[in-house]
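This report concerns only the one structure given below.
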Amino acid sequence: MTSETVIIGGGVIGLAIAIELKLRGTNVTVLCRDFQAAATHAAAGMLAPDAENIPNGAMRSLCWRSRALYPDWTRKLEELTGLNTGYRACGILAPLFEESRGAGEVLSSAPLPLCPSASEESPAYWLNKEAIHQYQPGLGAEVVGGWWYPEDAQVDNKALAHVLRTAAESIGVELKDGITVEGFLQQQGQVVGVQTNAGIIRAAHYVLASGAWSNELLPLPVLPRKGQMLSVRIPEFAPDLPLKRVLFGQNIYIVPRRDRLVIGATSEDVGFMPNNTPEGIQKLLQAAIRLYPQLKHYPIQEFWWGFRPTTPDELPILGTSHCQNLTFATGHYRNGILLAPVTAALIADLILEQKSDPLLADFHYSRFHSKSSTSTPMLTHSANFSNGHHSAISPLSTQDSPLIIAGKTFQSRLMTGTGKYRSIEEMQQSVAASDCQIVTVAVRRVQTKAPGHEGLAEALDWTKIWMLPNTAGCQTAEEAIRVARLGREMAKLLGQEDNNFVKLEVIPDLKYLLPDPIGTLQAAEQLVKEGFAVLPYINADPMLAKRLEEVGCATVMPLASPIGSGQGLKTTANIQIIIENAGVPVVVDAGIGSPSEAAQAMELGADALLINSAIALSPKPAAMARAMNLAAVAGRLAYLAGRMPIKDYASPSSPLTGTITS
């Protein structure tokens, strides 16, 4: 069979694109393995870019744009079908407990816009304890306040899935359920068909929208993230204080529907492991009861699970592919339902009008591949022809995955600091020469305008550099926790609303500047509970590193030698053990004095380096910053390539066989 467009995937994204294309006059076929397995059915239907604190930038713009489309989009679907999608512009309430309340939240009910951008505003309001309990009676006694996000909304996900399928059928989209796509047939950079369990299906254009199953067909970094959920039935004679608002708590949400409450959701990296588990359901119930205690009396109605399609940076993959007639619309993670209207519009514009919205550039698949490679990363081989012989060289062989810390993606593996420079100008030149994307800043020194730190906030372009506030100067866990909170507020003032990073330093030893392991662990445990991405500076202690990882730290940062000493790698054996056992990035911090030492640390398998003194105290800091950048790259490539074996005897570089003898 032949169709103008074939869409692989029958979830909310695939159906939304199909309807948009069909309404614009294109014949569309949707291939779906199992309609009921789509992530759409397992969702809660929250349209909550504000409550979820979607980071600033392209993703937030995409989410806001899609949320704004929802009223007209759902009305159009309802007119096509005569069915209700359950869309409600209800706003979302995000209650907070004392331990998760940010340092900047004052006990006031005055409006506090989270996003002061003049072009795109989505206001939020802080409600103090009295106000939030008045607004939503029945909340847990531990709730001390919360945020009200009036522009967030909800839709009944199961109703929406039914409406989309009904709408698609009513306008003539061909829906083929029970079809498993086994592979793409490609020739000369074009898809010429898809191989399925029902034979070959051909089209002029193809759209990959198969969610968590996408990388079964192409080497895209889309993997399943399991989510468990449940619902409780609201008793007929429930108390007089029913839940009227969507509650978005810490690692829990409760969504009221007509006769039930939907509770979700876990987030588990377990592949496609099915079924609900006692541990998962117990966690959900404990968190939900703490947030809204009276539901402990409600009868459990249903359990279910689903697989969210997630990418390393948790952003979708949208737009063109390695084939001219194949378009990607996958990897929407937990925002598939929210992003359905805007994805459908953008993909239809791209396919039918060759109009690529500027936003799509931020979601292109190529972001996951080495920027230095000019070959097409999706291809498995690039062909070279010489002397009539064909040879295939894999462009993937020298490619590296990006550095990912707490879900945020960085291309550079060198972090630098801002202290010890002779002038602000030298610091600016060095940061630029290093090509770093993360710069650490001592919160206390900026606050007190310490020498060398005056005007620091204005000296760097914080739209291009990620600030890593550090707790330098703190001698106790309590001090470090307090300064970390101030650092988060400082990052917000510089426009990094979503920056929850902190480099944790607890150093009571003023002579050797060695970090306190006990204080560091205590502070890390508390800061993780408060939602920080904690990057702890530690002695090269493998047991401490593992313990910090277990409590939820985003990295571990063992010292190579005492900070500022330039002694180089004095803890190599312990750093190797830490790297071998770590499940989080390992950043070698402190003591690196020369580029050769930086390269050596990366050759060990370190994920990144943090270097300040060796650059700042060099007679030519900018040149040294560039050298450190090249050393980090060289060391990383050497680690990926693998070292030659060490031999006891010499081995000639050229073979002796076949040589001319007299």
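Numbers here simply count residues along the sequence, with the first being 1.
A donor-acceptor pair under 3.5 Å is formed between the side chain of Y292 and the backbone N or O of L243. Under a 3.5 Å cut-off, the side chain of D34 and the backbone N or O of I179 do not form any donor-acceptor pair. A distance-only check finds a donor-acceptor pair linking the side chain of S61 to the backbone of G57 [under 3.5 Å]. Of the possible donor and acceptor atoms, one in the side chain of Q496 sits under 3.5 Å from a partner among the backbone N and O of I465. A donor-acceptor pair under 3.5 Å is formed between the side chain of Q354 and the backbone N or O of I351. Checking side-chain atoms of T74 against main-chain N and O of P71 turns up a donor-acceptor pair under 3.5 Å. Side-chain atoms of R202 come within 3.5 Å of backbone N or O of V192 as a donor-acceptor pair.
Taken from CG in N27 to OG1 in T5, the straight-line distance is 8.5 Å, to the nearest 0.5 Å. Annotation: the span from K464 atom NZ to C436 atom SG amounts to 13.0 Å, rounded to 0.5 Å. The OG1 atom of T409 sits 7.5 Å away from the CZ atom of R367 when rounded to the nearest 0.5 Å. The OG atom of S267 lies 4.5 Å from the CZ atom of R225; values are rounded to the nearest 0.5 Å. To the nearest 0.5 Å, the span separating OG1 on T85 from CG on N157 amounts to 11.5 Å. Atoms CG and CD1, on L284 and I252 in that order, are 4.5 Å from each other to the nearest 0.5 Å.
Side-chain atoms of D50 and W64 include a donor-acceptor pair closer than 3.5 Å. Using modelled atom types and a 3.5 Å distance limit, the side chains of R67 and S122 yield a donor-acceptor pair. A donor-acceptor contact under 3.5 angstrom links the side chains of Q301 and S231, judged on distance only. There is no side-chain donor-acceptor pair under 3.5 Å between T196 and E182. In this structure, a donor-acceptor pair under 3.5 Å is absent between the side chains of N251 and K283.
No more than 12 heavy atoms of other residues, nucleotides or ligands sit less than 6.0 Å from atom CD of Q187. The neighbour count for K244 NZ, taken as heavy atoms of other residues, nucleotides or ligands under 6.0 Å away, does not exceed 12. Heavy atoms of other residues, nucleotides or ligands lying less than 6.0 angstrom from CD of Q324 number 12 at most. In this structure, Q188 places its CD atom where only 12 or fewer heavy-atom neighbours from other residues, nucleotides or ligands lie under 6.0 Å away.
In summary, the aromatic rings of W147 and Y125 are positioned with their centroids too far apart to meet the 6.0 Å limit. Ring centers of F501 and F532: at least 6.0 Å apart, outside the cut-off.
Electrostatic pairing of D498 and R60 does not count as a salt bridge here, judged by no charged N lying under 4.0 Å from a carboxylate O. The pair E174-K176 meets the salt-bridge criterion, since a charged nitrogen lies less than 4.0 angstrom from a carboxylate oxygen. Electrostatic pairing of D357 and R65 counts as a salt bridge here, judged by a charged N lying under 4.0 Å from a carboxylate O. Remark: R308 does not engage E268 in a salt bridge, criterion side-chain N to carboxylate O under 4.0 Å. Between R233 and D259, no side-chain nitrogen of the basic residue sits less than 4.0 Å from a carboxylate oxygen of the acidic one, so the salt-bridge criterion is not met.
Summarising the geometry of V222 relative to G211, their closest heavy-atom pair is CG1-O, 3.4 Å, with the distance given to 0.1 Å. Of all heavy-atom pairs between A329 and I347, the closest is CB-CG1, 4.2 Å. Taking all atoms of both residues into account, the shortest heavy-atom contact from C90 to V246 is SG-CG2, 4.1 Å. Closest approach of G9 to V30, counting heavy atoms only: O-CG1, 3.5 Å. Nearest heavy atoms, P274 versus K226: O-NZ, 3.3 Å. Minimum heavy-atom separation, N276 to W305: OD1-CE3, 3.6 Å.
V155 places none of its side-chain heavy atoms less than 4.5 Å from the side chain of R88. Side-chain atoms of I8 and V207, non-hydrogen and from C-beta on, never get closer than 4.5 Å to each other.
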Side chain to side chain contact (heavy atoms under 4.5 Å, CB included) for E151 and Y149? Distances and angles first, verdict last.
CA-CA 6 Å; E151 297 190 13; Y149 300 101; over 6 Å; no
Would L338 and H332 satisfy side chain to side chain contact (heavy atoms under 4.5 Å, CB included), going step by step from the backbone distance to the final call?
CA-CA 9 Å; L338 168 63; H332 289 74; over 6 Å; no
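Because its NZ or CZ atom is both nearer than 6.0 Å to the ring centre of W304 and within 45° of the ring axis, K158 counts as a cation-pi partner of that residue.
For the pairing with H205, the side chain to side chain contact (heavy atoms under 4.5 Å, CB included) check across V28, V191, L21, N325 returns one residue only, N325.
The aromatic rings of F248 and Y253 lie parallel to each other, with less than 30° between the two planes, well short of the 60° mark. Using bins of under 30°, 30° to 60° and over 60° for the plane-to-plane angle, the ring pair Y87/Y70 lands in the parallel bin.
For E314, there are no side chain to side chain donor-acceptor pair (under 3.5 Å) partners at least two apart in sequence or on another chain.
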